[in-house]
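First comes the structure, then the notes that go with it.
Residue numbering restarts at 1 for every chain, and letters A, B, ... go by the order of the sequence lines. Computed from a predicted structure; not experimentally measured.
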Amino acid sequence: MQIPHPLLGLRDASEFVYLGDASLLNRPSVDDPAELGSDATLDAFHEYLHLRHNPAGVHKELWFHEQGDRSWLVVTRDTTTHEILDCALARDVAGASFGAEST
Amino acid sequence: MPEHMPNHALQPTTALGGRTLNTGSVSIYEVTERALVSLAFKASDREHVSAVLGGSLPAVGSSLASHLAGRLLGLQIDQTWCLIESTDSAMDKVIARKLSDTRGIYLTDQSDAWTILALSGDTCRQVLERLCPLDLDESVFPIDAVARTVIEHTGVIILRTGRDSFELITPRSSTASFMHAIETVVEHVRNEIPVRSQDRQQDPTTSNA
């Protein structure tokens with residue numbers, strides 16, 4: 001499998017490390033210290049840490065280019081065909097979706 | 001020093017002790033008179049760093065010559081390495097003195113941690129294509145292109161210095177294993193042409209045709 005790196009072009013998958021679901025970018029934030037132990041906060045972190053969609057189809061996931069430029073990528077991959085539909089730098093994705101609702 | 005202790009005079013040596021290999025179609029030697037300095041910065045400071053370096057900061061994947069810091073290798077969005085003809089072991093400080101403003105720039109001398117191997121010759125691309133996962137066609141990886149990748153499970157930075165010449169920058173501690181892998185493949189490439197012509201002569205399908 002090859003991953004179309006946004007800066008470097010097609011690079012072999014052996015240079016990358018897989019982390020998991022790209023929803024990890026959307027960590028819940030708690031602005032009010034009084035809310036730290038609340039049920040709503042615990043539920044949000046429980047969902048963030050443990051609950052994953054497991055789609056047969058299009059999936060956004062985090063890959064790390066360890067043996068390359070050390071960038072984190074958000075790769076959109078079809079889990080049934082391994083076709084890669086999109087690849088973006090995670091820093092760009094995180095910057096664009098900062099504050100946006102988790103998808 | 002007490003008299004009963006042996007007086008070993010330690011001599012600095014290079015990673016491969018000057019080992020070279022030349023088969024006629026490919027040659028490998030250890031480049032020793034070079035310093036390597038990493039230059040790291042926040043991605044948001046990229047324009048500032050570029051200005052300090054005289055407007056020259058290579059894109060990721062390419063390299064360019066700089067009068068301030070040798071050849072600049074674009075390895076990451078927020079990291080560039082400087083490859084300098086020098087044996088100075090504190091080249092980071094030399095570069096820092098040359099730059100007008102080092103705010104937000106982190107210079108680290110890396111020379112002792114790496115070995116540089118120069119690989120050249122008619123069949124050097126045949127050697128590399130058996131070892132590394134990069135596409136080394138000139139349309140994709142032209143002269144001055146640089147990439148970090150992996151060869152024989154070892155990290156390596158590949159810099160193309162000519163059509164048939166490359167420099168491989170690899171961690172010093174594993175250089176001997178790395179060199180062994182290259183020497184093995186060089187031997188395979190060297191033996192390949194006579195083996196193939198022999199196969200063709202003895203192939204019954206071609207002799208019947």
Does atom [atom1] of [X] have more than 12 heavy-atom neighbours from other groups under 6.0 Å away?
X        : atom1 : answer
A:Asp32  : CG    : yes
A:Arg52  : CZ    : yes
A:Phe64  : CZ    : yes
A:Glu47  : CD    : no
B:Tyr106 : OH    : no
B:His67  : NE2   : no

Practice problem: Verify the distance criterion only: is there a donor paired with an acceptor across the side chains of A:Ser71 and B:Gln76 at less than 3.5 Å? | Solution: no
Check whether any side-chain heavy atom of [X] sits under 4.5 Å from a side-chain heavy atom of [Y], and report yes or no.
X        : Y       : result
B:Thr149 : A:Glu15 : yes
A:Leu7   : B:Ile77 : yes
B:Pro133 : A:Arg11 : no
A:Asp69  : B:Leu75 : no

Quiz item: What distance separates A:Leu8 CG from B:Leu134 CG, expressed to the nearest 0.5 Å?
Solution: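 Reported value, rounded in 0.5 Å steps: 9.5 Å.
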Quiz item: With a 4.5 angstrom heavy-atom cut-off, which part of A:Leu89 approaches chain B: side chain, backbone, both or neither?
Solution: side chain
Self-check item: Side-chain ion pair, B:Asp78 and A:Arg70, N-O less than 4.0 Å
Solution: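 No, no charged N to carboxylate O under 4.0 Å.
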